[in-house]
Enquirer: 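Here you go, one structure.
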Amino acid sequence: MKAQLLALALLVGIATPACAQPVDDLERDDSQALSAAWRLQTGNARYCPHVTRQTGIQLEDTAVYAQPALVRSTYGLTGDIYIGAIAATGPGAAVPVNATVMAIDGRPMSALPVPDHDAPFTRWHTAQAMLDDDAARDGHVDLTLSGPGARPGTETRTVHIVAVPACKVTVKVDDQQSYASANREEIRLGRHYLDAAHGDPDLIAALIAHEMAHTVLDHQTQLEASNKAMAVVRRTEHEADRLSVWLLANAGYPPEAAIALQAQVIARLIGPFNIDLTHGGWHSRAARIEHEIATLKAAPDADWPKRFVREP
């Protein structure tokens with residue numbers, strides 16, 4: 001899938017990597033999702049049960065593509081680990097997308113083992129964990145960068161990034177998933193699902209807020225304890241719809257975006273008259289969300305751990 005998406009990006013044309021902006025549809029989508037997630041994570045950091053310090057930087061590895069050499073050439077890379085997405089309002093916003101990461105806190109990326117063909121994500125996981133763990137532990141991280149578009153061995157520089165408190169949850173756009181899902185600390189957005197938002201930042205935020213609600217309310221524990229009983233699944237989905245408006249409000253998004261998500265995205269994906277057995281129909285979901293927005297606006301603040309009423 002990565003190879004197919006890259007080939008499509010090549011067909012439509014890719015600008016020469018030269019600035020801190022996404023240069024193709026893949027990186028645009030990843031950066032939009034990361035930017036929305038960043039606002040939700042930082043805007044709700046004082047309320048989330050688990051908080052860490054983050055940079056708003058997502059790495060990529062050419063090894064996850066079928067043709068690493070083509071990726072290096074297309075993106076103007078001088079190595080394999082590079083900046084794949086940046087949160088627009090995060091502390092790493094000045095770091096260019098497609099800059100090659102030569103080292104993280106002085107540890108060279110060239111020292112990481114080349115991943116096996118049947119496990120292409122292992123080096124990426126290691127590099128991303130180095131970045132995230134250093135930021136969480138020390139509150140800052142130094143990235144030695146090359147490029148984008150630099151010749152090997154030239155134009156290297158070290159960037160010092162100060163991490164900031166954020167809800168402990170990661171968001172990743174998944175090329176091989178058509179829906180969205182969440183566990184205790186990770187949200188995966190299917191690229192097809194993300195595409196249905198047509199780049200609307202409020203809709204993307206509403207999509208992520210629903211999944212983030214599952215995470216911060218630890219719905220996974222409830223689902224595991226009940227062996228995913230239908231009644232429990234429905235209860236968690238109702239709570240996620242409702243809490244999403246509080247998360248959106250704290251991040252500076254209009255809570256009404258959660259209603260728009262139902263009318264403009266969900267209705268189109270499942271059909272205007274179909275009813276999802278676990279989530280419900282989009283009309284009933286929108287009504288439930290509208291009622292929660294009224295509750296939110298009547299509350300003295302958006303402190304959802306105190307104000308949000310769990311489903312019976």
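Counting begins at 1 with the first residue of the sequence. Since the model is a prediction, treat every value here as computed from it, not as a measurement.
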Enquirer: Atom CG of D241 and atom CG of L261: how far apart are they, to the nearest 0.5 Å?
Expert: 8.5 Å
Enquirer: In terms of relative ring orientation, are H219 and H214 parallel, tilted or perpendicular, with 30° and 60° separating the classes?
Expert: perpendicular
Enquirer: Is the shortest side-chain heavy-atom distance between V232 and K228 below 4.5 Å?
Expert: no
Enquirer: Taking side chain as C-beta onward, heavy atoms only, is R46 less than 4.5 Å from P165?
Expert: no
Enquirer: Yes or no on side-chain contact (heavy atoms from CB on, under 4.5 Å) for E60 and E27, after CA distance, side-chain angles and deciding distance?
Expert: CA-CA 10 Å; E60 287 290 350; E27 293 175 324; over 6 Å; no
Enquirer: Is a salt bridge present between R191 and D30, judged by a nitrogen-to-oxygen distance below 4.0 Å?
Expert: yes
Enquirer: Hey, which of T78, V95, T100 is the one that makes side-chain contact (heavy atoms from CB on, under 4.5 Å) with L145?
Expert: V95
Enquirer: What distance separates I57 CD1 from I161 CD1, expressed to the nearest 0.5 Å?
Expert: 3.5 Å
Enquirer: For the residue pair F308 and L243, what are the closest heavy atoms and their distance?
Expert: CE1-N, 3.6 Å
Enquirer: Between CG of D218 and OG1 of T236, what distance do you get to the nearest 0.5 Å?
Expert: 11.5 Å
Enquirer: From I259 CD1 over to S244 OG, what is the distance, rounded to the nearest 0.5 angstrom?
Expert: 9.5 Å
Enquirer: For the pair I104 and L143, evaluate side-chain contact (heavy atoms from CB on, under 4.5 Å) and give the outcome as yes or no after the intermediate values.
Expert: CA-CA 5 Å; I104 298 175; L143 297 181; 3.8 Å; yes
Enquirer: With rounding to the nearest 0.5 Å, note down the distance linking CG in D134 to CZ in R53.
Expert: 11.5 Å
Enquirer: Hey, are the side chains of T170 and E185 touching, using non-hydrogen atoms and a 4.5 Å cut-off?
Expert: no
Enquirer: Are there over 12 heavy-atom neighbours, none belonging to H117, within less than 6.0 Å of that residue's NE2?
Expert: no
Enquirer: Mind listing the closest non-hydrogen atom pair of A249 and L296 along with its distance?
Expert: CB-CD2, 3.8 Å
Enquirer: Check each of I86, T89, I208 against W38 using the side-chain contact (heavy atoms from CB on, under 4.5 Å) test, and report the only one that passes.
Expert: T89
Enquirer: Is there a side-chain contact between R242 and T295, using heavy atoms and a 4.5 Å cut-off?
Expert: no
Enquirer: Would you check if Q41 and C48 make a side-chain contact, meaning some heavy-atom pair closer than 4.5 Å?
Expert: no
Enquirer: What pair of heavy atoms forms the shortest contact from T122 to A119, and how long is it?
Expert: OG1-O, 3.2 Å
Enquirer: Kindly compute the distance separating CG (L248) from NE2 (H210), expressed to the nearest 0.5 Å.
Expert: 12.0 Å
Enquirer: Any side-chain heavy atom of L40 within less than 4.5 Å of one from C167?
Expert: no
Enquirer: Test Q54 against D132 for side-chain contact (heavy atoms from CB on, under 4.5 Å), laying out the working first.
Expert: CA-CA 6 Å; Q54 298 187 13; D132 294 343; 6.0 Å; no
Enquirer: With the 4.5 Å side-chain cut-off for hydrophobic clustering, are M212 and I204 part of the same group?
Expert: yes
Enquirer: For the residue pair Y75 and Y82, categorise the inter-ring angle as parallel (less than 30°), tilted (30 to 60°) or perpendicular (more than 60°).
Expert: tilted
Enquirer: Linking I/L/V/M/F/W/Y whenever their side-chain heavy atoms sit closer than 4.5 Å, directly or via other members, would V64 and V97 fall into one cluster?
Expert: yes
Enquirer: Apply side-chain contact (heavy atoms from CB on, under 4.5 Å) to the pair L217 and R310, showing each step before the final yes or no.
Expert: CA-CA 10 Å; L217 294 175; R310 303 293 293 262; 3.7 Å; yes
Enquirer: Work out which heavy atom in A127 is nearest to a heavy atom in I81; give both atom names and the distance.
Expert: CB-CG2, 4.1 Å
Enquirer: Looking only at heavy atoms, which two atoms of M109 and V101 are closest? And how far apart?
Expert: CG-O, 3.2 Å
Enquirer: Mark yes or no for whether R39, through its side chain, and A251, through its backbone, hold a donor-acceptor pair below 3.5 Å.
Expert: yes
Enquirer: Are the side chains of L70 and Y65 in contact, using a 4.5 Å heavy-atom criterion?
Expert: no
Enquirer: Do L247 and V51 share a hydrophobic cluster, counting only Ile, Leu, Val, Met, Phe, Trp and Tyr and linking them when any side-chain heavy atoms are less than 4.5 Å apart?
Expert: no
Enquirer: So which heavy atom on N44 is nearest to which on W246, and how close?
Expert: OD1-O, 4.1 Å
Enquirer: Would you say V164 ends up clustered with V141 if hydrophobic residues are merged whenever their side chains have heavy atoms under 4.5 Å apart, either directly or through other cluster members?
Expert: no
Enquirer: Does Y193 belong to the same Ile/Leu/Val/Met/Phe/Trp/Tyr cluster as L34, with side-chain heavy atoms less than 4.5 Å apart forming each link?
Expert: no
Enquirer: Could you check whether atom CD of E290 has more than 12 heavy atoms from other residues, nucleotides or ligands sitting under 6.0 Å from it?
Expert: no
Enquirer: Does a side-chain N-to-carboxylate-O contact under 4.0 Å join R288 and E311?
Expert: no
Enquirer: Is the W124 ring parallel, tilted or perpendicular to the F121 ring (thresholds 30°, 60°)?
Expert: perpendicular
Enquirer: Does some side-chain heavy atom of H50 sit less than 4.5 Å from a side-chain heavy atom of V169?
Expert: no
